Trainee: 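Here it is, the structure, as structure tokens.
Quick caveat, the model's predicted, so the values are computed rather than measured. Lettering follows sequence order; numbering is per chain, from 1.
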Amino acid sequence: MPELPEVEIVRSGLERLLSGAAVAGIDLHRRDVRRPMPASLRTLSGPVRAVRRRAKYLCIDLDGGGILCHLGMTGSWRVAVDVRPHDHATVRLADGRRLVYNDPRRFGVLDRLRPDGGHPDLDGLGHEPLSDDFTGAALAACFADRRGPVKPALMDQGLVVGVGNIYAAESLFRAGIDPRTPAGSLRRPRLDRLAHCVREVLAEAIAAGGSSISDFRHAGGEEGWFQHAFRVYGRGGEPCLTCGTVLRGMALGGRATVWCPRCQRQRTR
DNA sequence: CTCCTATCCTGCGAGC
DNA sequence: TGCTCGCAGGATAGGA
């Protein structure tokens, strides 16, 4: 479910829900998700100062710390009026509402932020693709000496954050770049284009409310619409919507990858 | 370093 | 209808 656009939509939903709210306490319903959830989370309380996103992480800032959350593949937050399987933690608000973290596969992370809002998981992350410093020049510096394919490089959170399997495929299609192209072989004009296309695809996805695959929903239960705009993701064997060529698929870096052999090239011709 | 694979876990759809 | 298999938005450890 969650790549940068989906996490950003969750963030803005939580921001709206938590604006002016205060945390009364946190209940943990099991010991761990992907990692152990620290017992010190239970002692957090007080007014919500901010709801931030960094990479695919959510940060709920409270005085003296806060909550760090990564949604993994299947994490979600909802205002609970019921109890469901895989509810792993409950944030009790002072007004009586209960905000519940649910995560069937338990690939997510819930941890406590330091009082300064930092966390070891937030160190060593790469460029935010929607920030001004995300340019072809930045990509050139990241990709230098990388001989592996560009798609896994684009998904490496130490280089560029927030881009996962869907948006990597869609961005490379839009940029006309074959996902197998050695990252370090790409030159400036194409990297400028790639940076531009990544930014454009992510921004459009946010505007469309994200991509609802199987279970992604907004905090209010609405679906996103960007899944209807996919040009290549999940379309292996089907015709390219631009040129009609049959889209090709193979695993890259262990992830399903689809591209158009005609529209996407390793070199410009 | 870089790169590749396997792994964590549950749910769902395809195919038999 | 009911079963098994493969695969899924992510991240990381371990080996080559």
Trainee: Report which part of the nucleic acid A:R147 touches: base, sugar-phosphate, or nothing (heavy-atom distance under 4.0 Å, all strands).
Mentor: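 The answer is sugar-phosphate, as A:R147 gets under 4.0 Å only of primed atoms, P, OP1 or OP2.
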Trainee: Establish, with yes or no, whether the OP1 or OP2 oxygen of C:dG10 is under 4.0 angstrom from a side-chain nitrogen or oxygen of A:H70.
Mentor: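 The answer is no; no side-chain N or O of A:H70 sits under 4.0 Å from OP1 or OP2.
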Trainee: Please list every donor-acceptor pair under 3.5 Å in which a side-chain atom of residues 169-179 of chain A meets a protein atom from a residue at least two apart or in another chain.
Mentor:
residue	atom	partner	partner atom	Å
A:E170	OE1	A:R231	N	2.8
A:E170	OE2	A:R231	N	3.2
A:E170	OE2	A:V232	N	3.0
A:E170	OE2	A:Y233	N	2.8
A:S171	OG	A:Y167	O	2.6
A:R174	NH1	A:E200	OE1	3.0
A:R174	NH1	A:E204	OE1	3.4
A:R174	NH1	A:E204	OE2	2.8
A:R174	NH2	A:E204	OE1	2.9
A:D178	OD1	A:R180	N	2.8
A:D178	OD1	A:R180	NE	3.1
A:D178	OD2	A:R180	NE	3.3
A:D178	OD2	A:R180	NH2	2.7

Trainee: Can you tell me how the ring of A:W225 sits relative to the ring of A:H228, calling it parallel under 30°, perpendicular over 60° and tilted otherwise?
Mentor: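 Judged by the thresholds at 30° and 60°, the geometry between A:W225 and A:H228 is tilted.
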Trainee: Heavy atoms under 4.0 Å, any strand shown: does A:R34 hit a base, just sugar-phosphate, or nothing?
Mentor: base
Trainee: To the nearest 0.5 angstrom, please state how far the OH atom of A:Y57 sits from the CD atom of A:Q157.
Mentor: 8.5 Å
Trainee: To the nearest Å, give me how far apart CG (A:L154) and C1' (C:dG10) are.
Mentor: 15 Å
Trainee: Return the value, rounded to whole Å, for the distance between atom CZ of A:R180 and atom P of B:dC4.
Mentor: 14 Å
Trainee: What nucleotide among B:dC4, B:dG11, B:dC3 has an atom nearest to a side-chain atom of A:P104?
Mentor: B:dG11
Trainee: Starting at atom CZ of A:F230, determine the distance to atom P of C:dA8, rounded to an integer number of angstrom.
Mentor: 13 Å
Trainee: Look at A:H86 and B:dG11 and indicate whether a side-chain polar atom (N or O) is within less than 4.0 Å of OP1 or OP2.
Mentor: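 Answer is yes, contact under 4.0 Å.
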Trainee: Go through B:dC4, C:dA8, C:dT12 for me and flag the one nearest to the A:M73 side chain.
Mentor: C:dA8
Trainee: State which residue, out of A:R112, A:R53, A:R49, A:R52, fulfils the salt bridge (Lys or Arg N to Asp or Glu O under 4.0 Å) condition with A:D61.
Mentor: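 That would be A:R52; it is the only one of A:R112, A:R53, A:R49, A:R52 passing the salt bridge (Lys or Arg N to Asp or Glu O under 4.0 Å) with A:D61.
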Trainee: Map every base of DNA chain C to its dot-bracket character, where paired means a Watson-Crick or G-U wobble contact with both distances under 3.5 Å and | marks a partner outside the strand.
Mentor: .|||||||.|||||||
Trainee: When clusters are formed by joining ILVMFWY residues with side-chain heavy atoms under 4.5 Å apart, either directly or through shared neighbours, do A:L110 and A:V48 land in the same one?
Mentor: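 Per the 4.5 Å side-chain linkage, A:L110 and A:V48 are co-clustered.
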Trainee: Quick check on DNA chain C: between A:G254 and A:R35, whose nearest nucleotide comes earlier from the 5' end?
Mentor: A:G254
Trainee: For the side chain of A:A256, starting at C-beta, report the closest nucleotide among C:dA8, C:dG10, B:dC3.
Mentor: C:dA8
Trainee: Under 4.0 Å between any heavy atoms, over every strand shown, what does A:Y233 touch: base, sugar-phosphate, or nothing? Just pick one.
Mentor: sugar-phosphate
Trainee: Whole Å only: how far is the CG atom of A:N165 from the C1' atom of C:dA11?
Mentor: 13 Å
Trainee: Under 3.5 Å, is there a donor on one side chain and an acceptor on the other for A:D111 and A:H119?
Mentor: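 Result is yes, a qualifying pair exists.
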Trainee: Counting just side-chain N and O atoms, does A:R106 come under 4.0 Å of either OP1 or OP2 of B:dC8?
Mentor: no
Trainee: Evaluate whether the aromatic ring of A:F107 and the six-membered ring of the C:dA11 base sit under 5.5 Å apart, centre to centre, with an inclination under 30°.
Mentor: no
Trainee: Measure from CZ on A:F143 to C1' on B:dC3 and round the result to the nearest Å.
Mentor: 15 Å
Trainee: Rounding to an integer number of Å, can you tell me how far A:D103 CG sits from B:dC8 P?
Mentor: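 Checked: the CG to P distance equals 16 Å.
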Trainee: Of the options A:R35, A:R34, A:R30, which is the one that meets A:D32 in a salt bridge (Lys or Arg N to Asp or Glu O under 4.0 Å)?
Mentor: A:R30
Trainee: For residues A:R193 and A:T268, is any side-chain donor paired with an opposing acceptor at under 3.5 Å?
Mentor: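 Looking only at side-chain atoms, A:T268 and A:R193 do not form any donor-acceptor pair under 3.5 Å.
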Trainee: Would you classify A:P149 as touching base, sugar-phosphate or nothing, given that sugar-phosphate means primed atoms plus P, OP1 and OP2, and contacts are heavy atoms under 4.0 Å?
Mentor: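 Sugar-phosphate contact only.
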Trainee: May I ask you to verify if any side-chain N or O of A:R105 is less than 4.0 angstrom from the OP1 or OP2 atom of B:dG11?
Mentor: no
Trainee: Check the distance between B:dC1's C1' and A:D156's CG and give it to me in whole angstrom.
Mentor: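 Rounded to whole Å, this separation is 12 Å.
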Trainee: Quick one: A:L159 CG to C:dA11 C1', roughly how many Å, whole number?
Mentor: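 About 14 Å, once rounded to whole Å.
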